[in-house]
2 protein chains.
Amino acid sequence: MGSTSRTETFPAHTPAASQIFTTVLSHGPLTRLDAARRAGLSAAAVTKAVRPLLEAGYLVEDADEAARPALGRPANLVRVDGGRALFVGVKVTGDEIIGVLTDLCCRIRLARRVPLTDRATRAVLASAAGLVQELRAGADDLGVAVLGLGIAVSGDVDRAEGVVRYSPFLEWRDVPLAELAAMTTGLPVTLDNDVRALTIAEQWFGAGVGLSDFAVVTVGAGIGCALVVHGQVVAGAHGVAGEIGHVAIDPAGPPCHCGNRGCVEAIAGDAAIVARMREVTGRPVADTAEAVALAHQGVAGAREVYARAGEAIGRGIATVANLLGPERVIISGEGLTAYDLFAEQIRDSFGAAAFGSAAQCDVQTRPLPFEEWARGAAAAAIQSFITSTPTHRPGKG
Amino acid sequence: MGSTSRTETFPAHTPAASQIFTTVLSHGPLTRLDAARRAGLSAAAVTKAVRPLLEAGYLVEDADEAARPALGRPANLVRVDGGRALFVGVKVTGDEIIGVLTDLCCRIRLARRVPLTDRATRAVLASAAGLVQELRAGADDLGVAVLGLGIAVSGDVDRAEGVVRYSPFLEWRDVPLAELAAMTTGLPVTLDNDVRALTIAEQWFGAGVGLSDFAVVTVGAGIGCALVVHGQVVAGAHGVAGEIGHVAIDPAGPPCHCGNRGCVEAIAGDAAIVARMREVTGRPVADTAEAVALAHQGVAGAREVYARAGEAIGRGIATVANLLGPERVIISGEGLTAYDLFAEQIRDSFGAAAFGSAAQCDVQTRPLPFEEWARGAAAAAIQSFITSTPTHRPGKG
DNA sequence: GCCATTATTTTCCGCTGTCAATAAAAGAAA
DNA sequence: TTTCTTTTATTGACAGCGGAAAATAATGGC
């Protein structure tokens, strides 16, 4: 059933080798010379680093049939063989678990979701293990080994220690989830905060490729944010960073569960929008879908609710841009389904509140398929694998 | 007159050597073993890196007379010989130029200020050159060479290019100040933003020593901020970062010169405080000193003006803490002279607005002698010197 | 078949930092 | 005084990385 884990290690023993591999991974097929230029190394270094990776099957070589130049020796393209290894990514929310099986290039091969009724650690662990087992069965069908498991949880997560310090949605404190999951599944486990995991996926495979400073903002139940500065995801000295949701925008705004008033999340989070929609329209509004419907139907005041949310998000993003000067901000999240309702406000209020050249920051949106969060977890697992970061491994107990 | 520049280079050719030198510079006298531990290197590496630095006189050796352990070979302390080299730091404001002569340990040896009446590039350059000349004369008296000049200017400054992109106070755009100053003074010049320069001084010689993530917030005419993330000062993709002054705290707040309402600077900047003080007390208030006096005299409403400013600053700092999770925030600036008037509010509103563990962030204050800004510029020059960063050097005319 | 051109590999080579062994500098014990 | 013990510093051998340059490979054009 694939539950035996032959721990495989990645044959990139030097920093240069890791760097070249990630360059090829992010920038698609490259000639050795291009890879050298991109990574700031000599061609000789690339040849040397690439050889063991080719031999181990992580990289493969193609002739560049497409764009062969008129003159000179044709180049050989090097690319990552996605099918060489598989990873499982799992996102745990308060009411469901989403799992994906991805290849080494983080392309999704299978996706599954299971509802979560019991938030106790045991129950969550059992559900997650079942999901992982199911996905590994799919991997067995492909005849490829699963080399790692990534788990994404919202809240305060210590990746290095593999511990969920505090998760409001799950009501967990100090749960050593990585170790538990490693014991249960027999896989090396990487645990990270959900938005940070998503950001790793963007950094390596998405709209953050090639950027050393950018931010990801997620809009949905909560308003999340993760930052990449100097090419690395910011983790914060105390495990908390990117709390754009609790940046206070308006001291006269609605109260937030954090105890303040006028937090971005208290204006633009799902719950806030639904509550406000009820208040404004006087109708019973059960969830976001209904709120969106009301706004689309043009019910009086409904659009203003979204406009106000968009303004709050735009000002939050402007605050990030003013403080960090990122090259790009990527907006994503489930809330994006209503993007047409607040896009304009986001742009306007960002433009108004961004100071000086911070306004040059490129604000993009990325639709977020439901599996994307889990894919982020897989990206974190891939990152641990190829950088040979010590992960939590199945012990003997 | 000291205007001959024998360009001296720093004998630290490997990354390890630079790292060891900065370790010794920041952490005072160290034994070789301690330096190795701090820098994460072997003792052998320290011995090898230290030798050429001792020979060149940048480091010196002392016996550790003070705390000799009972047992074993007594340690030899290695420390930086501050007197080995001198640097000049200059801060240019809208109405004066402050200059200091510092040693290699960034200790101030001489300080001078000259008023600035004309903001034209030529005039500023001439005043600055005079100041530098005067300080170099002091260096000649000590018989030590000046090895670099640092210049700090507020606004949008491109350090790598040595260009002032935009300075509101000086009304400059795209002035290649580093090159001009290098030609005028014959010294290698490092140009940087004033708050970033101050932050380098804190990182190497102040309250930021040993921290990889912290922020410096300056309170005065403007509210400035610079951030250190992953051990490096954040410069921003478009040259703007740390604009805490234009983080909008209150959409109903007073209008700011940036076009928004309720920016931190529009509430807590000097001009805002003075204006508000006039409004509230109905008296003519000419400057901050008078505003402070009124508050200290207990004039009705005067304290509230400062309380409000403190609240704005505290919320701005909380925003930084929420987004970046720094280990420490260092508050400094001329405005600190009135610190007793808003300290409490800063702490309270920071505590209230910081989310979760972000509240663990250590908020400190550092009094700021008037020469401190110029000392920051000197620190930037020292940094360029010891990391052998290419600086703007005197050309041939 | 020869040449120009571009890509890749090979062959040194210098350099860095580690390791393990050794020297040095005490005070303590004999 | 002579040896130990303990801790610090130095030395020399060494493995490995990544660069420069030369060699080799693969083409299309003559």
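Proteins get letters first, then strands, A, B, ... in listed order; numbering begins at 1 in each.
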Is the phosphate of dG18(D), meaning OP1 or OP2, less than 4.0 Å from a side-chain N or O of T14(A)?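 True: T14(A) side-chain N/O within range (under 4.0 Å) of dG18(D) OP1/OP2.
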
Give, ordered by number, those residues of residues 19-27 of chain A having at least one heavy-atom distance below 4.0 Å to an atom of DNA chain D; if nothing qualifies, reply none.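 Here the set is empty: none.
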
How many whole angstroms separate atom CG of L71(B) from atom C1' of dA24(C)?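 L71(B) atom CG is separated from dA24(C) atom C1' by 15 Å.
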
Residues that R51(B) engages under salt bridge (Lys or Arg N to Asp or Glu O under 4.0 Å), provided they are two or more places apart: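 Counting only residues at least two positions away or on another chain, R51(B) forms no salt bridge (Lys or Arg N to Asp or Glu O under 4.0 Å).
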
State which residues pass side-chain hydrogen bond (donor to acceptor under 3.5 Å, both in side chains) with [X]; sequence neighbours excluded, sorted by chain then number.
| X | answer |
| --- | --- |
| D81(B) | none |
| S212(B) | none |
| Q203(B) | none |
| Q364(A) | D362(A) |

The helix from dG1(C)-dC30(D) to dA30(C)-dT1(D): angle between end helix axes, five pairs per end, rounded to 10 degrees: 30°

So, using side chain to side chain contact (heavy atoms under 4.5 Å, CB included) as the criterion, who are the partners of [X] when residues are at least two apart?
| X | value |
| --- | --- |
| A235(A) | none |
| S42(A) | A44(A), A45(A) |
| R366(B) | E202(B), A207(B), I330(B), S332(B) |

What pairs meet the ring pair (Phe, Tyr, Trp, His ring centres under 6.0 Å) rule with one or both residues in residues 7-47 of chain A, with sequence neighbours excluded?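 Non-adjacent pairs meeting ring pair (Phe, Tyr, Trp, His ring centres under 6.0 Å): F10(A)-F21(A), F10(A)-Y58(A), F10(A)-F385(A).
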
V216(B) and V195(B): which non-hydrogen atoms are nearest, and at how many Å?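 Taking V216(B) first and V195(B) second, the nearest heavy atoms are O-CG1, 4.5 Å.
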
Closest-nucleotide 5' rank along DNA chain D - winner of R37(B) and P15(A):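 First, find each residue's nearest nucleotide; the 5'-ward one identifies R37(B).
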
Write down the protein N/O and nucleotide N/O pairs, taken from nucleotides 9-13 of chain D, whose separation is under 3.5 Å; answer none if there are no such pairs.
from, atom 1, to, atom 2, distance (Å)
dA9(D), OP1, N76(B), N, 3.0
dA9(D), OP1, N76(B), O, 3.2
dA9(D), OP2, R32(B), N, 3.4
dA9(D), OP2, L33(B), N, 3.3
dA9(D), O4', R73(B), NH1, 3.4
dT10(D), OP2, R32(B), NE, 2.7
dT10(D), OP2, T47(B), OG1, 3.0
dT11(D), OP2, R51(B), NH1, 3.3
dT11(D), OP2, R51(B), NH2, 3.0

